[in-house]
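Only one structure is covered here, and it is reproduced in the block below.
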Amino acid sequence: MCGEDPSCAMPVIKAEHFQSDCCYFLFLLMQVIFGKSSGPEFVQEIYTAITYHNKSPDFYEEVKIKLPAKLTEKHHLLFTFYHISCQPKQGASVETVVGYSWLPILLNDRLQTGHYCLPVALDKLPFHYSIHSPEKVPSQTPPIKWVEGHKGVFNIEVQAVSSVHTQDNHLEKFFTLCHSLESQVTFPIRLMDQKITEATLEHELKLSIICLNSSRLEPLVLFLHLVLDKLFQLAVQPMVIAGQTANFSQFAFESVVAIVNSLHNSKDLSKDQHGRNCLLASYVYYVFRLPDPQREVAKPGAGGSAVLSESRYYTFGRASAVAVGSKLLQSRVISCSNPDITVTQAATDEEVKSIMSSKPVDHSSSRMSFYIEGTNDTPNVCANPRPSNKKHFHEELALQMVVSTGMVREAVFKYAWFFFELLIKSMAQYVHNIEKQDNPRRSRFSDRFKDDITTIVSVVTSEIAALLVKPQKESEQAEKINISLAFFLYDLLSLMDRGFVFNLIKHYCNQLSNKLNSLSTLISMRLEFLRILCSHEHYLNLNLFFMTSASAPASPSPSLSSQNSSSCSSFQDQKIAGMFDLSSEYRQQHFLTGLLFTELSAALDADSEGYKKKAVSAILSLLSSHDLDPRCSKKEVKIKIAALYLPLVGIILDSLPQLHDFTISDARSGKGRTGNPEEEQDSAGAINQNVALAIAGNQFSLRSSGISLASLPYRQSATLGPDTTRNLLICFLWIMKNADQNLIQKWIADLPSMQLNRILDLLFICVSCFEYKGKQSSDKVSTQALQKSRDVKARLEEALLRGEGARGEMMKRCRIPAGNDRSAGLNENLRWRKEQTHWRQANERQDKTKAELDQEALISGNLATEANLIILDMQENIIQASFAAECRDNLLGGVLKVLVNSLGCDQSTTYLTHCFATLRALIAKFGDFLFEEEVEQCADLCQRVLHHCSSSIDVTRTQACATLYLLMRYSFSSTSNFARVKMQVTMSLASLVGKSPEFNEEFLRRSLRTILAYAEEDVDMQATPFPLQVEELLCNLNSILSDTVKMREFQEDPEMLMDLMYRIAKGYQTSPDLRLTWLQNMAEKHTKRKCYTEAAMCLVHAAALVAEYLSMLEDHSYLPVGSVSFQNISSNVLEESAVSDDVLSPDEDGICSGRYFSESGLVGLLEQAAELFSTGGLYETVNEVYKIVIPILEAHRDFRKLTLTHSKLQKAFDSIINKGQKRMFGTYFRVGFYGSKFGDLDEQEFVYKEPAITKLPEISHRLEGFYGQCFGEDAVEVIKDSAPVDKSKLDPNKAYIQITFVEPYFDEYEMKDRVTYFEKNFNLCRFMYTTPFTMDGRPRGELSEQYKRNTILTTMHAFPYIKTRINIIQKEEFILTPIEVAIEDMRKKTQELTAATNQEPPDAKMLQMVLQGSVGATVNQGPLEVAQVFLAEIPADPKLYRHHNKLRLCFKEFIMRCGEAVDKNKRLITADQREYQQELKKNYGKLKENLRPMIERKIPELYNAVVKVHSTRESFHNHSFKKYDAQSSQST
């Protein structure tokens, strides 16, 4: 090694060699080379292999070396080159050293990395060779021999992986200069190829700070924590260089901002779900600590060593700078953050005096940064307005954020989260380090720092407002800054004076309101802001919810608010009614909650559903957190929390018209809020001074000006969504449950009846909202639909994730598992968890396990029970209040309405037990009122209770039976005749049977027997006719149940089911209430089958029934005169005429007592019928219906409904104009049943009305399939033809069905009145079908043999009717001779030609199709053949003369129409159809020529004197077989 230290020789990676047969090199001495897998872990040397006989060897291997922790200039890589003799001489060595080369590890204190081309020395290396590079070795004696004259011949590449050496020039320079300040170095110092003197140190350090952002990303990331620590140290502590003070605060801060910006802009670095750089978040959370304020430097002195405590960096260039000059400069130093700020300097003698007396100078009037003296960190230092000789990190950081300008300021705002987190952590560490936790919050920080914080909040708020008027991307940035600011103030509430922080919140709201014109944007930003603030762990204490300090949850940072709260909030000092209003006093006393409620009110008045949902979710989250907080588990604490939220009840009541209607019934009525919006604005956010002092914990006053809110005039805004309404109602019920019940009762007692009715309306909505829906089955959604939903969601997420922004961040958050949120640590301080909100789609429910579904069902059931019990308690409070106030007449109806609604929903046994008990108490106390005034509610109550009498649960059934019996008993006791209740119970059972297929007949019969037993065992009623009347009633109910059994047998046969319901309704002809009920049941069944016209007809019959009985009670000209007024709608309505002697008088008790037997009920029925007619396409009938409705509305001056009615009429008329003949009405079939298996249907024939375009095979398949299931597939047979059925030839063991297509049939006189397409398809009672036959029995034959049988059917009622099938009551048959068949066919062809020619707009395709069938040369049995058969010769039978002449005239008209059609087609064709037109014209000419002789030939006898011809058959003269031809003819 030629005198070199062997321990400093190290090897390398890769090389090339000069010409040699075979060579390799050797690395020696230090055991730092990683060995191969088969050898030791570290070795001293390693050999490389090369290709044999290669004159230019390639050393391709890589060598991994572990660098020593401490490197010196002597460490180098040594390469030794050997020549290998493959065929050595005897005794000669195989290896021969041919040269050396080396590479120093360090050069100018930097690692040497990269590509090198080294020269190779042939001689032994001289001493101290390693301190020089091979290229720059000085001259030696004797001189060194080099290969190829000292040229580079050995190529090598060195790569370093180090966490100690930066390998970046900018970082290396910065760290070196910082090291020169921290250590006792001797100037000048060498930095790479540059020498830096003490005079240029400050300039070079500033340049290095500025250039830090130019560093490569990889080393910057590796050394990020060191870089930031050094920059923060420089920002806090100024230094003395060569006797001059230098401050780097501004440069350090700007460099930090640039580094933060670079890291965020890098696409290679990861970000969290909030778009924050993970490295910076980790640094703040794990690494950052306050810069060390003290530096101890040992300096020799007299008699030993002394320790000098200095508050700055310094150099030893001048000894005097440490002694006196440093303290002199200390008083003059100002912050370098903003050198342009002028500072008023004190006189020199004052400065000297200040220095000599060691008293700090007050520089509070200037923006200065000061030293941090460790000896002055005592608790009472901060009592001064501003420390004069301190420079705290949080103060300097806040100052730099305030004075920053230009691009630096923009970056600070853009990444405000980082600087806010730095501020919060530095403040917390500052408070901890100087042990100020027990100090009053106001004295923890200086007033100057508070001013800086105020300025920061103001400037950031202005920036948010400025960004919000920019495009969408900037709006998303504003949202991020807004969230960062909210979290900053959230943390300040735990560190600073809370009154001061509240003042910042107030300024934020004021400033944002003044600068934003968009109300929706303002609401959104402030909601997000307040939502974060209100999630504070001491939110309740901040809002002074407690009455005494003893009952309040303990706060880890107590303030005077905990001691003085009893003087600020007391229930006794407030009016009870005012506690439920969002008053000015409330907003002053409960600041954050008042702000949140104000924003909720504004959001509910806005049009956007998103803002409403966000505001309501914020309230719900708060209440949920209170409910789960173990500190709030005591009942007395929850009472006080509920008292804090009482104004929310008033807000919910005001928003009643906006709540989603969970019922399918009519919308509720409600009025808007009343109040002066200007008064609300003036008191929106003002903070009472005493309250502010209590919160602040000291003598700190706030300005009296309140938060200026934008004027929010009340308006009726859009309806809330179901989820939002549900969340709002949960909040209401939680408050009602936990509030002081005595307080609730007093509040209700003081409310006017109108307000109580609003509460009852709200409770009604609550009942429907929290109805138990049952267990969700995972099989309800098909796999295909679920997969489609997932695919759509995946594509949507992919589209959103392509870009950055709030939407993309939200989608990213959803993909992060909830369990990993806090595992990384860096997210632990992120309180805002959007991924925890219930945004997921409903279909994700299908991914849950059965256990999860069961758990959800259990929770849902418990929630339904709890909610309804709370509602029941509220109703009892209202009943007690109304009973005490003697205003029960106005409220009991509303209470009963809510109770009836709850009984109509799925309820638990627990609730039903309490509900029935409440009902029985109501009946016992207010029975007279219920039976006399609340007739409709009483009828609904009977139906609900009767429904529960069929329950399978014994407890529920017992309670329902007791309630129903008590209802009957008190009804009898109050009127001595409970005919009305009997009628209501009977109607309820009829309705229950018709509408509710789930009820259990057996359990219902048991309940009826139980009620009968009650009546027989009731001793007090035995002397009255009550038991007999109950027995009579129960017999009627049992008969209805028997009819029900029959109905259930035909549930799968809709026609038979409707027949049975029709029969039951017919049986109640003398009981209008029950008939009306069954007509409504039929309408509902028809609607489910989408037979809208029949459903409408049921309602028309019901309306005619009501009109009949109204005409008996009242004589008003605007009312219809019974069912006669409905004839224009349907001729069938006359069957509702009350002309029978058995008809009861409506004056009799219990008759016509239903809700529909009134003018409003009549209008309601007709309006429903009009809607169904419109749905069914019968728009002309809508007009006839409204002709009856409009006079009633005009008489009542109901102009709102008149407007709506006329708009519906206009829509109907527009539909008639636009759709016209495009509408498709029903298709009709004759269906005959033959066989004993059909029972009553045997030999019965019906006309079935089927949906439009129903083909014969469809109805045949349907009926055959249904009856095949009933009797067996082999026992049912469909008769294919329409010939008369000879029952004697049928198999008695089979059931036969004959189905024939029929068309509406009209006489000639009818066709004059049935002009329109609608008139030819409405009010139909006659139908016709044709049966072709020949005399020898075949259905088809030659033209001269073809006969036709026309069968005309007459039905019992006209279509459309309340049924879809009607019995045939008459059948007529007429036989047409072959020539008459020919006449009918030619007339039909002529009509088709005429229709196609005159069609508007013209249809060329249809015209050509008809022409082709008329004049085409290849038409079989076409017009020419018909003429040749019947017109070629004059018939021998004089009876056929007139038929012959009619056929001749038909052909004459036919050929004329063909000519018109050909001419019309010529005008319609395009250029490519000219040849086709020529062919048509040619065929037409041939046809005309062939027909001319036959058409022109006349029968002379017809033009002689008129001779009466006696005929045995007058069918053709007396009857017209004209029928409606727009329908396509179908044959069986």
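All values below were derived from every heavy atom in this structure, side-chain atoms included, with hydrogens, water molecules and symmetry-related copies excluded. This one's a predicted model, so the numbers in the text were calculated from it and none came from an experiment. Residues take their numbers from the sequence shown, with the count starting at 1.
Between the side chain of R1349 and the main chain of T1331, no donor-acceptor pair closer than 3.5 Å is present. Of the possible donor and acceptor atoms, none in the side chain of Y1186 sits under 3.5 Å from a partner among the backbone N and O of A1170. Side chain of E1184 to main chain of F1126: no donor-acceptor pair is present (N/O by atom type, distance under 3.5 Å, no hydrogens or angles). At least one donor-acceptor pair closer than 3.5 Å links the side chain of T1355 to the backbone N or O of C1325. With hydrogens and angles disregarded, no donor-acceptor distance shorter than 3.5 Å links the side chain of N1350 to the backbone of F1374. Side chain of H1086 to main chain of T1093: no donor-acceptor pair is present (N/O by atom type, distance under 3.5 Å, no hydrogens or angles). Side chain of Q1477 to backbone of Q1473: no donor-acceptor contact under 3.5 angstrom is found. Side-chain N or O atoms of Q1298 include one that pairs as donor or acceptor with a backbone N or O of D1281 at under 3.5 Å. Not one N or O on the side chain of N1367 forms a donor-acceptor pair closer than 3.5 Å with the backbone of F1246. Without hydrogens or angle criteria, E1303 side chain to M1328 main chain gives no donor-acceptor distance under 3.5 Å.
Atom NZ of K1371 has more than 12 neighbouring heavy atoms from other residues, nucleotides or ligands inside a 6.0 Å radius. In this structure, K1464 places its NZ atom where more than 12 heavy-atom neighbours from other residues, nucleotides or ligands lie under 6.0 Å away. Within a 6.0 Å sphere centred on NZ of K1208, other residues, nucleotides and ligands contribute more than 12 heavy atoms. The local environment of CZ in R1338 is crowded, with over 12 non-hydrogen atoms from other residues, nucleotides or ligands closer than 6.0 Å. Within 6.0 Å of NZ on K1348 lie more than 12 heavy atoms contributed by other residues, nucleotides or ligands. By the neighbour-count criterion of 12 heavy atoms within 6.0 Å, atom CE of M1406 is sparsely surrounded, having that number or fewer from other residues, nucleotides or ligands. Other residues, nucleotides and ligands contribute only 12 or fewer heavy atoms inside 6.0 Å of the CG atom of D1274. Crowding of Q1428 atom CD: a count of heavy atoms from other residues, nucleotides or ligands under 6.0 Å exceeding 12.
Here the straight-line distance linking atom CE of M1061 with atom CD1 of I1362 works out to 10.0 Å at 0.5 Å rounding. Separation of atoms CE (M1058) and OG1 (T1364) is listed at 7.5 Å; rounding is to 0.5 Å. Separating the CE atom in M1097 from the SG atom in C1091 is a distance of 13.0 Å, to the nearest 0.5 Å. K1446 contributes atom NZ, which lies 15.5 Å from atom CZ of F1451 (distance to the nearest 0.5 angstrom). Residue E1167 holds its CD atom at 7.5 Å from CG of L1204, rounded to the nearest 0.5 Å. Summarising the geometry, atom CG belonging to N1183 is positioned 10.0 Å from atom CD1 belonging to I1129; distances are rounded to the nearest 0.5 Å.
No side-chain heavy atom of P1332 sits less than 4.5 Å from a side-chain heavy atom of Y1347. Looking at heavy atoms from C-beta onward, Y1267 lies in side-chain contact with L1241 at the 4.5 angstrom threshold. In this structure, the side chains of I1216 and T1316 stay at 4.5 Å or more apart for every pair of heavy atoms. You'll find the side chain of L1407 stays beyond 4.5 Å of the side chain of P1402, heavy atoms only. D1291 places a side-chain heavy atom less than 4.5 Å from the side chain of Y1296. The side-chain heavy atoms of L1324 and Y1305, taken from C-beta on, include no pair separated by under 4.5 Å. Between L1431 and H1444 the shortest side-chain heavy-atom distance falls below 4.5 Å. Using a 4.5 Å heavy-atom cutoff, the side chains of D1403 and M1409 are not in contact.
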E1310 and R1326: CA distance, side-chain angles, deciding distance, side-chain contact (heavy atoms from CB on, under 4.5 Å) verdict: CA-CA 11 Å; E1310 287 186 275; R1326 300 181 74 191; 4.3 Å; yes
Pair E1171-L1099, side-chain contact (heavy atoms from CB on, under 4.5 Å): steps then yes or no: CA-CA 11 Å; E1171 290 292 336; L1099 295 178; over 6 Å; no
Full working for side-chain contact (heavy atoms from CB on, under 4.5 Å) between F1430 and H1443: CA-CA 10 Å; F1430 294 104; H1443 296 317; over 6 Å; no
Step-by-step side-chain contact (heavy atoms from CB on, under 4.5 Å) determination, T1087 to Y1092: CA-CA 6 Å; T1087 304; Y1092 301 111; 4.2 Å; yes
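Taking the six-membered ring for Trp and the full ring otherwise, the centers of F1322 and F1225 sit at least 6.0 Å from each other. In this structure, F1271 has its ring center closer than 6.0 angstrom to the ring center of F1238.
Pairing each heavy atom of R1387 with each of C1450, the nearest pair is CG-SG, 3.7 Å. The two atoms that bring P1360 and K1249 nearest to each other are CB-NZ, 4.0 Å, heavy atoms only. S1344 and V1429 get closest at one heavy-atom pair: CB-CG1, 4.1 Å. For the pair L1411 and C1458, the tightest heavy-atom approach, listed with the atom from each and the gap, is CD2-O, 4.1 Å. Taking both residues in full, the closest heavy atoms of Y1361 and I1366 are given as CB-CD1, 3.7 Å, listed atom of the first, atom of the second, then distance. For the pair T1227 and I1253, the tightest heavy-atom approach, listed with the atom from each and the gap, is OG1-N, 3.4 Å.
By the 30° and 60° cut-offs, the orientation of the rings of H1357 relative to Y1062 is perpendicular. Between F1233 and Y1248, the ring planes lie tilted relative to each other; the angle falls in the 30° to 60° range.
Under the 4.0 Å criterion applied to side-chain N and carboxylate O atoms, E1055 and R1365 are not assigned as salt-bridge partners. Checked for salt-bridge contact, K1389 and E1392 miss the test: no charged N lies under 4.0 Å from a carboxylate O. A salt bridge is absent between R1089 and E1094: the closest approach of a Lys/Arg side-chain nitrogen to an acidic carboxylate oxygen does not fall below 4.0 angstrom. At a threshold of 4.0 Å, the pair R1457-E1460 counts as salt-bridged, since one of the basic side-chain nitrogens sits closer than that to a carboxylate oxygen.
In summary, the side chains of N1445 and R1448 do present a donor paired with an acceptor at a separation below 3.5 Å, with no hydrogens or angles considered. Under the 3.5 Å distance criterion, with hydrogens and angles disregarded, a donor-acceptor pair is assigned to the side chains of Y1234 and E1245.
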